[in-house]
Amino acid sequence: MTGGGLLIAGTTSDAGKSVVTAGVCRWLARKGVKVAPFKAQNMSLNSFVTRDGAEIGRAQAMQAAAARVEPTALMNPVLLKPGGDRTSQVVLLGKPVGELSARGYHAGRQEKLLGTVTDCLAELRRTHDAVICEGAGSPAEINLRHSDIVNMGLARAARLPVVVVGDIDRGGVFASLFGTTALLSAEDQALVAGYVVNKFRGDVSLLEPGLEMLRGLTGRPVLGVLPYAHGLGIDEEDGLRLSLRGTVRETAVAPPHGRDVLRVAVVPVPLMSNFTDVDALAAEPGVVVRFTDRPEELADADLAIVPGTRGTVKALAWLRERGLAGALARRAAEGRPVLGICGGFQMLGERIEDEVESRAGTVAGLGLLPVRVRFAPEKTLARPVGEALGERVEGYEIHHGVAEVTGGDEPFLDGCRAGSVWGTHWHGSLESDGFRRAFLRRVAADAGRAFVPAPDTSFAALREEQLDRLGDLVEEHADTDALLRLIEDGAPGGLPFVPPGAP
């Protein structure tokens, strides 16, 4: 196999494209195939910094881990980071190049990026046996097809076979798969080689008559029925669904190692970014992590976390409007733990000077940390390594804010601690096992909880187990021989046209 490829599209956002892409990558990697993930254009506030200082979507970093390769900017050449309802920061090949409205992007800029996108894909195909590409949203967004560079536009340009994923847990999966195909042009349909049904619960034999009818209607097979899998905990692109469901972890974990649980409340601020920072806490036995925008729940928790955001000033106003700013101040006055990460750290400071992100000028912070923040035009993208609480810590930084620490009881990574309030720009620090345990011991002591961190929790090992579960889903429930043929040979000829086609 040399330079093979496959595009995983979906009938909707959140149909399971990221999961299936990661699963295929892990399945191939276990077979000894040198595989890489690719997403031409990603819209996400969850991002990651590569070792050479490039910013890419967090989902692509997770898929690279599934493929057992180092993530690079080639794997996600275009990243859009929403800053409001109508504008996004455009990150090109890992570096921010400006803000654009949705209309401005789709009116011309996007099409001009197709050459960059196909060049990146070609380079990955040159250096890997296979590249598994992930689409975005739906390939049947007929109003945007003329400027598409991530779904059928990419498939046509690179001659990629396409598999469409549908989420049966939502209902209507047959109509979604049929309708997605039927709204594509004949040229696009010629690359759609099959379907995957995702998140199935129950007896698959009851589904099989429908699968055969779908094949009769479209001339395309269903290449897998993947069962619903609880608690995969993989890095997601969008914080909305997670914040609405409340709890981070959907499945039971081991009981607490000590007598007490530790309750963590995370504030789902507007434009919340890199909420995956709390995943490592949720993996700890006896730690219960919830998202809440209620002041009384924030007051009741043992640890309150203010996460990152793409709109620090906007999120600060939201905290005040909801009464959450007052709840955080009361916690600090009572010596109860608060942690601010990146934008959350900035909000806990004394003041923010922002002529870059919100252009609001000087705004008063919450005043819980002796920190002054000035937003710089240049974005800090780094992979720092340091020490805190006597433990080695690794993290990554993605921010425009430059913090000046003017006091505090002790340094804390690049930030500080003042009383029971902690702040840092470092994302991912809690994934360092020794540091996470030391931090939780301090939190438990301040909160008066008889909580003891488990001595052997390895977040990296848990993540590997989850990625192997994704590989198992593909290996055990998909037609892997058919997938290999598509990757190696492309879409088969003679696939029938499903009317009416694109309007």
Side-chain angles (χ1 to χ4, degrees), residues 13 39-50 52-61 71-113 116-117 120 136-137 144 147 149-150 235-240 269-277 307-318 341-347 352-361 363 373-383 396-402 425 427:
S13 295
K39 186 161 186 174
Q41 172 196 295
N42 195 348
M43 177 173 280
S44 178
L45 287 172
N46 281 338
S47 57
F48 183 75
V49 180
T50 65
D52 59 355
E55 185 179 9
I56 65 172
R58 181 88 189 187
Q60 279 61 67
T72 73
L74 291 174
M75 297 173 184
N76 180 206
V78 182
L79 173 63
L80 304 179
K81 303 193 72 176
D85 292 337
R86 297 185 178 181
T87 63
S88 292
Q89 183 181 66
V90 181
V91 179
L92 181 61
L93 293 174
K95 303 298 180 184
V97 295
E99 299 271 341
L100 272 182
S101 68
R103 181 176 294 276
Y105 184 67
H106 289 288
R109 180 64 184 268
Q110 187 177 29
E111 289 177 272
K112 294 176 183 176
L113 293 173
T116 300
V117 162
C120 290
L144 302 177
S147 60
I149 63 171
V150 64
D235 299 349
E236 301 185 51
E237 293 186 353
D238 186 1
L240 178 63
V269 294
L271 298 173
M272 180 173 59
S273 61
N274 286 70
F275 63 86
T276 49
D277 283 331
T309 172
R310 250 282 280 160
T312 301
V313 170
K314 179 179 180 179
L316 187 55
W318 181 86
I341 302 173
C342 200
F345 167 45
Q346 296 165 6
M347 286 184 268
I352 298 167
E353 297 176 23
D354 183 9
E355 299 292 349
V356 176
E357 193 175 76
S358 69
R359 297 181 173 85
V363 176
V373 176
R374 175 184 55 82
F375 274 65
E378 302 79 22
K379 181 183 277 192
T380 297
L381 296 170
R383 288 276 293 272
Y396 57 100
E397 294 183 74
I398 306 169
H399 54 91
H400 284 279
V402 178
H425 272 130
H427 294 290

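These numbers come from the heavy atoms of this one structure, side chains and all, not from hydrogens, waters or symmetry mates.
In this structure, the side-chain contact (heavy atoms from CB on, under 4.5 Å) partners of Ala376, at least two apart in sequence or on a different chain, are Arg374, Glu378, Val402. In terms of the side-chain contact (heavy atoms from CB on, under 4.5 Å) criterion, residue partners of Ala315 (sequence neighbours excluded) are, by chain and number, Val269, Pro270, Thr309, Met347.
Nearest heavy atom pair, residue Val117 against residue Pro77, reads CG2-CG, 4.1 Å.
Tested against Pro71, the residues Asn76, Val49, Ile56 include a single side chain to side chain contact (heavy atoms under 4.5 Å, CB included) partner, Ile56.
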Dump the intermediate steps for side chain to side chain donor-acceptor pair (under 3.5 Å) on Asn46 and Ser44, then the final yes or no.
-> CA-CA 5 Å; Asn46 281 338; Ser44 178; 5.0 Å; no

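Using the six-membered ring where Trp is involved, His425 and Phe345 have ring planes that are perpendicular, over 60° apart on the 30 and 60° scheme.
In this structure the side chain of Asn42 never reaches within 4.5 angstrom of the side chain of Ser47, judged on heavy atoms. You'll find the side chain of Asp354 stays beyond 4.5 Å of the side chain of Val363, heavy atoms only. Contact check for Val90 versus Leu80: side-chain heavy atoms found under the 4.5 Å cut-off. Within the 4.5 Å cutoff, the side chain of Leu316 has heavy atoms near those of the Ile352 side chain.
Under 4.0 Å is where a charged nitrogen must lie from a carboxylate oxygen, and between Glu357 and Lys81 no such pair does.
Using modelled atom types and a 3.5 Å distance limit, the side chains of Glu397 and Thr380 yield no donor-acceptor pair.
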